[in-house]
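A short worksheet on the structure shown next.
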Amino acid sequence: MPTPTTTLALGPDFLDPEWLISTFGLLGILAIVFAESGLLIGFFLPGDSLLFTAGLLTADGQYITYPLWLVCLLITIAAIAGDQVGYAFGKKVGPALFRRPNSKLFKQENLLKAHEFFEKYGARSVVLARFVPIVRTFTPIVAGVSGMRYRTFVVYNVIGGILWGTGVTVLGFFLGQLPFVKEHIELILIAIVAISVIPIAVELLRARMAARRGTTQAERAELEHAAREAQQNRREYGEY
């Protein structure tokens, strides 16, 4: 088993992008991208840092020997497929998902956060959520729950999958060839992770402020009501 040359010291090995790639290769990348794009259990997996590292290691040729275009194509397909599964799951389960009890792998606050994001940006959220950890996992599910028009979802899903899956990987490929990036790869990956969690930190701060105002329960009830109404009209053409 190959030994990674750098270590992203932000958690256990199974969250270290280079360890994952050196251990499981391209298939591992595709599995993680698929899971994080639309499976409830995939919200904690590395996303942006994994794709950036995939591009970097493709340029290096140490763990990934496939051409860049093929790596980007497969990652994009995995991202799009993951969102499609998330949408189908949300459409099938519907508002009942909002009443699901919390567990170690499922938190209502993550679902509600994605619902707020979806309500704020509409169809564009399918694209924008790609670049926001946790939210990118739950947004396609919320789109299904809310009855977003399927054709519209597919269009935005493909656009988001290309921009995120190909864009971040290509960025890692070309930046990874710069001497500064090669010499400070661990710091670069830490910076990517830090930047990606900024939106989450902001939302957590807002949630705490809302809790102090005593509005959390009211907001939760409003979101559940909106989800139920959306499901009743899921076959109609809406604003999405």
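Between Val93 and Val145, every side-chain heavy-atom pair lies at or beyond the 4.5 Å cut-off. Using a 4.5 Å cut-off on side-chain heavy atoms (C-beta onward), Glu18 and Leu56 make no contact.
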Practice task
Dump the intermediate steps for side chain to side chain contact (heavy atoms under 4.5 Å, CB included) on Leu39 and Val85, then the final yes or no.
Solution key: CA-CA 8 Å; Leu39 301 184; Val85 171; 3.8 Å; yes
Handout entry: Stepwise side chain to side chain contact (heavy atoms under 4.5 Å, CB included) test for Val154 and Gln84
Key = CA-CA 8 Å; Val154 171; Gln84 290 296 130; 3.8 Å; yes
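A search for ring-ring contact (aromatic ring centres under 6.0 Å, His included) contacts involving Tyr150 returns Tyr87, not counting sequence neighbours.
A donor-acceptor contact shorter than 3.5 Å is absent between the side chain of Ser146 and the backbone of Ala143. Between the side chain of Ser22 and the backbone N or O of Trp19 there is at least one donor-acceptor pair closer than 3.5 Å. Formation of a donor-acceptor pair under 3.5 Å by the Thr137 side chain with backbone atoms of Gly38 is not found in this model.
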Could you list the donor-acceptor pairs under 3.5 angstrom formed by side chains in residues 65-82, with sequence neighbours left out?
from: Thr76; atom 1: OG1; to: Cys72; atom 2: O; distance (Å): 2.8
from: Thr76; atom 1: OG1; to: Thr166; atom 2: OG1; distance (Å): 2.8

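Taking every heavy atom of both residues into account, Thr139 and Ala129 meet most closely at OG1-CB, 3.4 Å. Here the shortest heavy-atom pairing between Tyr156 and Val127 reads O-CG2, 3.4 Å. Considering all non-hydrogen atoms of both residues, Val168 and Phe52 come closest at CG1-N, 3.7 Å. For the residue pair Trp164 and Asp48, the shortest heavy atom distance occurs at NE1-OD1, 2.8 Å.
Sorted by first then second residue, the salt bridge (Lys or Arg N to Asp or Glu O under 4.0 Å) pairs that include residues 63-85, not counting sequence neighbours, are Asp83-Arg130.
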